[in-house]
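Positions are given from 1, in the same order as the sequence printed here. Owing to the predicted nature of the structure, the values given are computational and were not obtained by experimental measurement.
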Amino acid sequence: MKNLICLGIGVLLTIILLVFPAYIYEVLYSPTEFANEMYNNDCYFMVALITAIAAWGAASVFYYVINSVRFSRWYNWLTVLGVLVVIIPVVNFFYLDGVFYELGMDFTHDEVNFSISSIAIVAVMYVIASFSIRWWSSNCRHTPIPE
């Protein structure tokens with residue numbers, strides 16, 4: 001029962017990120033003109049979707065694909081998190097850069113700052129996904145923190 005509650009809470013928090021992405025991301029970084037263009041072009045949702053899919057995907061890979069006793073240590077879990085917090089802000093930057101380039105706008109400085117500030121959301125989403133699905137892993141269910 002506890003496992004299903006954790007999964008349900010994780011899914012609920014992910015849905016909240018996908019339903020209210022502008023509010024969540026604007027807490028971290030919100031210059032007015034950049035935020036308006038992000039909102040008008042529905043970029044917040046796409047960035048949140050990329051983040052959520054990557055976080056749940058990375059957690060799934062760690063717990064169900066790798067799923068090895070050799071990798072069931074906290075530092076391996078932290079390595080996956082480290083890779084994720086480097087790759088996803090870069091992906092989000094290039095996505096935003098492409099959108100604004102097509103619109104003829106130059107928000108490069110704001111895109112960089114937004115991508116850096118979104119690292120916190122990527123990390124939180126990975127932790128949420130990890131604690132939501134780790135219970136069914138045969139070898140890594142005690143990673144990063146034992147029950």
* Between Leu7 and Trp136, does a side chain to side chain contact (heavy atoms under 4.5 Å, CB included) hold up when you go through it step by step? -> CA-CA 11 Å; Leu7 179 62; Trp136 295 280; 4.0 Å; yes
[Y] and [X], any side-chain heavy atoms less than 4.5 Å apart:
X      : Y      : answer
Ile9   : Ser132 : no
Met125 : Thr14  : yes
Phe34  : Glu111 : yes
Phe131 : Cys6   : no
Val99  : Phe94  : no
Val11  : Trp56  : yes
Glu26  : Tyr44  : yes
Asn76  : Thr143 : no

Would the distance check show the side chain of [X] and the main-chain N or O of [Y] forming a donor-acceptor pair, the cut-off being under 3.5 Å?
X      : Y      : value
Ser137 : Tyr64  : no
Arg134 : Cys140 : no
Asn3   : Trp135 : no

* Asked: Are the aromatic rings of Trp77 and Tyr126 close, with centres under 6.0 Å apart?
  -> yes
* To do: Would you check if there is a donor-acceptor pair between the side chains of Tyr101 and Asp106 at a distance under 3.5 Å?
  => no
* So Tyr29 and Asp110, side-chain hydrogen bond (donor to acceptor under 3.5 Å, both in side chains) or not? Walk me through it. -> CA-CA 9 Å; Tyr29 188 74; Asp110 291 321; 2.7 Å; yes
* To do: Can you sort out the partners of Asn41 under side chain to side chain donor-acceptor pair (under 3.5 Å), two or more places apart, ordered by chain and number?
  => Glu37
* **Joint cluster assignment, Leu49 & Ile24, ILVMFWY side-chain distance < 4.5 Å** => yes
